[in-house]
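Since we're looking at a predicted model, the values are computed, not measured.
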Protein chains: 2
Amino acid sequence: MKSYNHYCTVAKALDAVGDRWTLLIIRELVSQGPCRYTDLMSGLPGIATNLLADRLAFLEESGIVWREPVPPPVAATLYHLTDAGEDLKPVLDALGTWGVRFMSKSHETDQFRSHWFKRPVSMFLKDRAPDGPPVSIQLSPEDYPAVIEASRDGIRTRPGRVESPDLELAGPPHLILATLSGRLSVKEAKATGLTLTGRVALLNRLRRDRAEASVANAVGA
Amino acid sequence: MKSYNHYCTVAKALDAVGDRWTLLIIRELVSQGPCRYTDLMSGLPGIATNLLADRLAFLEESGIVWREPVPPPVAATLYHLTDAGEDLKPVLDALGTWGVRFMSKSHETDQFRSHWFKRPVSMFLKDRAPDGPPVSIQLSPEDYPAVIEASRDGIRTRPGRVESPDLELAGPPHLILATLSGRLSVKEAKATGLTLTGRVALLNRLRRDRAEASVANAVGA
DNA sequence: CGGCATCCTCTTTGATACTG
DNA sequence: CAGTATCAAAGAGGATGCCG
């Protein structure tokens, strides 16, 4: 993209990461850690392969990403964030916080990936009984399942499945999120098409209310 | 711009404000308050008029901006941020904080406006003697002067001139900022082309050191 | 397969001119 | 003042080819 040529911090930041797709590439590297080219492709549905190559070259040149050549037999390149790249996390946090308002309605054609659950889930949940027994919640959208695990160490969300979860939420991603956030009651969620199996009461232990959520967000938690 | 069609908070945010120029329009409305069309044009050097019109229409449609028709004899339209628009401030703060790293070198062709001083100045300065006598510092780049005023009420930066400032810094914007931040000493600044007139010692009262700056930034100050 | 480069089409931008 | 109209150039999107 052409520079804005504004001597202004915001404009300079956008000169570096304001191109289409660029911040989503950073999102992938932040939420997935170091990625191969194909990992990025599958985490960025819709991107053209030449664009991904272009953006990665520009990000490397800008000192935001560095590439680690992994020698055979693995034979791949790993893309990492530099320190300057890691410093973009607050930008993603701010954008993600602001973007929560659009998550209530999901378009039919929207793509989804397991690791995209991490950000909103960490905003919506908080363990009200951290010394209670550890629990796991299986999130099952059509594909791309994820697991929420709460223990003394806090709440973690990761892609994948767990053997016998304490609770499972199966259905479209936006219903899963609406139920976790408390925007939908369990009754409403079931009526709209979510399947809840197991200890539904767990939601009361983990749901953070709206006021707390905005506070946590204000301090960048 | 076409939607990314990702069911992800960051992608949804970028669907709304990720278009080229959009966040800079928000920047203007945040730092200037309600603006007329021509105020925006002059605060956004380089934008094409049709693009500004397009973006404003989209922002209004998205509920981020609203237009107030001001009846004759003033005969103008005022563009305001809605509450959702104001909520974008943390995004600009995060981008602006990250973008500080690019402010040390200024390109010859970079444009500048007085009110762009506000954001970096508030990051660089802190009154170490808030109960001391109120002081004013005149910032004088080629055009677009601004004034820093420190009093019991805090530090404010505004476009314009003041009668007899306690200190004046005249020279290119990047030297003014480098000197305020402490990245350049007064001696270095003078050697590089900045003209300092008045009570140079004021800088010691107002400069925030690097460690403090990063802390203030971490909590979103 | 992983990591691009090329080619082509379509959309968006940027520059300028013009209007109520 | 507050835009709309026009048009050339740049960039995005999609398909496919190539090479270790």
Side-chain angles (χ1 to χ4, degrees), chain A residues 1-6 11 14-25 28-29 32 34-62 65-80 109-111, chain B residues 1-6 11 14-25 28-29 32 34-62 65-80 109-111:
Chain A
M1 194 189 326
K2 237 177 63 182
S3 167
Y4 290 107
N5 289 318
H6 288 193
L14 291 174
D15 281 348
V17 298
D19 271 334
R20 185 157 166 78
W21 289 107
T22 300
L23 279 170
L24 295 187
I25 295 172
E28 289 301 306
L29 291 171
Q32 301 227 61
C35 288
R36 292 171 304 168
Y37 190 86
T38 40
D39 298 332
L40 290 170
M41 281 300 281
S42 58
L44 294 163
I47 197 173
T49 176
N50 55 351
L51 263 191
L52 178 56
D54 284 357
R55 295 292 183 266
L56 286 172
F58 182 71
L59 285 171
E60 188 185 10
E61 182 186 343
S62 308
V65 156
W66 63 279
R67 63 182 75 200
E68 175 195 9
V70 180
V74 193
T77 309
L78 270 184
Y79 293 89
H80 300 252
T109 65
D110 272 0
Q111 298 288 317
Chain B
M1 194 189 322
K2 237 176 63 181
S3 167
Y4 290 107
N5 288 319
H6 288 193
L14 291 173
D15 281 348
V17 297
D19 272 333
R20 185 157 166 79
W21 289 107
T22 300
L23 279 171
L24 295 187
I25 295 172
E28 289 302 305
L29 292 171
Q32 302 228 60
C35 290
R36 292 170 303 170
Y37 190 87
T38 38
D39 299 332
L40 290 170
M41 281 300 281
S42 57
L44 294 163
I47 197 173
T49 176
N50 55 349
L51 263 192
L52 178 56
D54 283 357
R55 294 292 183 266
L56 286 172
F58 182 71
L59 286 171
E60 188 185 11
E61 183 185 342
S62 308
V65 156
W66 64 279
R67 66 181 74 198
E68 175 195 8
V70 180
V74 192
T77 309
L78 271 183
Y79 292 89
H80 300 252
T109 66
D110 271 0
Q111 298 288 317

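- A/His6 NE2 to B/Leu44 CG: the interatomic distance, rounded to the nearest 0.5 Å, is 6.0 Å.
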Atom pairs, N/O to N/O, protein against nucleotides 18-20 of chain C, distance under 3.5 Å?
none

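- Within the structure, a side-chain polar atom (N or O) of A/Lys2 is placed less than 4.0 Å from OP1 or OP2 of C/dA15.
- Nearest to the side-chain atoms of A/Arg20 among the listed nucleotides D/dA12, C/dT13, C/dG3 stands D/dA12.
- For the pair A/Asp54 CG and D/dG13 P, the computed distance is 12 Å after rounding to whole Å.
- Legend: salt bridge (charged side-chain N to carboxylate O under 4.0 Å, His left out) pairs involving residues 36-46 of chain B, not counting sequence neighbours, sorted by first then second residue: B/Arg36-B/Asp39.
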Side-chain donor-acceptor distances from residues 45-57 of chain A under 3.5 Å, at least two apart:
unit_1: A/Thr49; atom_1: OG1; unit_2: A/Tyr37; atom_2: OH; d: 2.7
unit_1: A/Arg55; atom_1: NE; unit_2: A/Arg20; atom_2: O; d: 2.9
unit_1: A/Arg55; atom_1: NH2; unit_2: A/Arg20; atom_2: O; d: 3.4

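- For A/Trp21, a side-chain nitrogen or oxygen approaches OP1 or OP2 of D/dG13 to under 4.0 Å.
- Applying the side chain to side chain contact (heavy atoms under 4.5 Å, CB included) rule to A/Ser62 yields the partners A/Phe58, A/Ile64; only residues at least two apart in sequence or on another chain are considered.
- Within residues 38-53 of chain B, the residues having any heavy atom under 4.0 Å from DNA chain D are, by residue number, B/Thr38, B/Thr49, B/Asn50, B/Ala53.
- When every heavy atom of A/Pro34 is checked against every heavy atom of A/His80, the shortest pair comes out as CG-ND1, 3.4 Å.
- Remark on DNA chain C: of its neighbouring residues A/Tyr37 and B/Arg55, the 5'-side contact belongs to A/Tyr37, judged by nearest-heavy-atom nucleotide.
- Comparing the helix axis at one end of the helix from C/dC1-D/dG20 to C/dG20-D/dC1 with that at the other, each defined from 5 consecutive pairs, gives an inter-axis angle of 30° (nearest 10°).
- A/Glu60 pairs by the side chain to side chain contact (heavy atoms under 4.5 Å, CB included) definition with A/Arg67, not counting sequence neighbours.
- Minimum heavy-atom separation, A/Leu29 to A/Val65: CD1-CG2, 3.7 Å.
- Annotation: ring-ring contact (aromatic ring centres under 6.0 Å, His included) contacts of A/Tyr4 (sequence neighbours excluded): B/Trp21.
- Residues that satisfy the side chain to side chain donor-acceptor pair (under 3.5 Å) test with A/Glu28, not counting sequence neighbours, are A/Gln32, A/His115, A/Trp116.
- Atom CG of B/Leu56 and atom P of D/dC1 are 16 Å apart (whole Å).
- When the side-chain nitrogen and oxygen atoms of A/Arg67 are compared with OP1 and OP2 of C/dG2, none of them lie within a distance under 4.0 Å.
- Take B/Asn5 and apply the side chain to side chain contact (heavy atoms under 4.5 Å, CB included) test, not counting sequence neighbours, and it matches A/Thr109, A/Asp110, B/Ser3.
- Per the geometry, CD belonging to A/Gln111 stands 14 Å off P belonging to D/dG13, to the nearest Å.
- Annotation: side chain to side chain donor-acceptor pair (under 3.5 Å) contacts of A/Glu61 (sequence neighbours excluded): none.
- Between the CG atom of B/Asn5 and the P atom of D/dG14 there is a distance of 10 Å, rounded to whole Å.
- Atom CG in B/Leu24 sits roughly 13 Å away from atom P in C/dT13 (whole-Å rounding).
- Remark: P of D/dG3 and CZ of B/Arg36 are 12 Å apart, rounded to the nearest angstrom.
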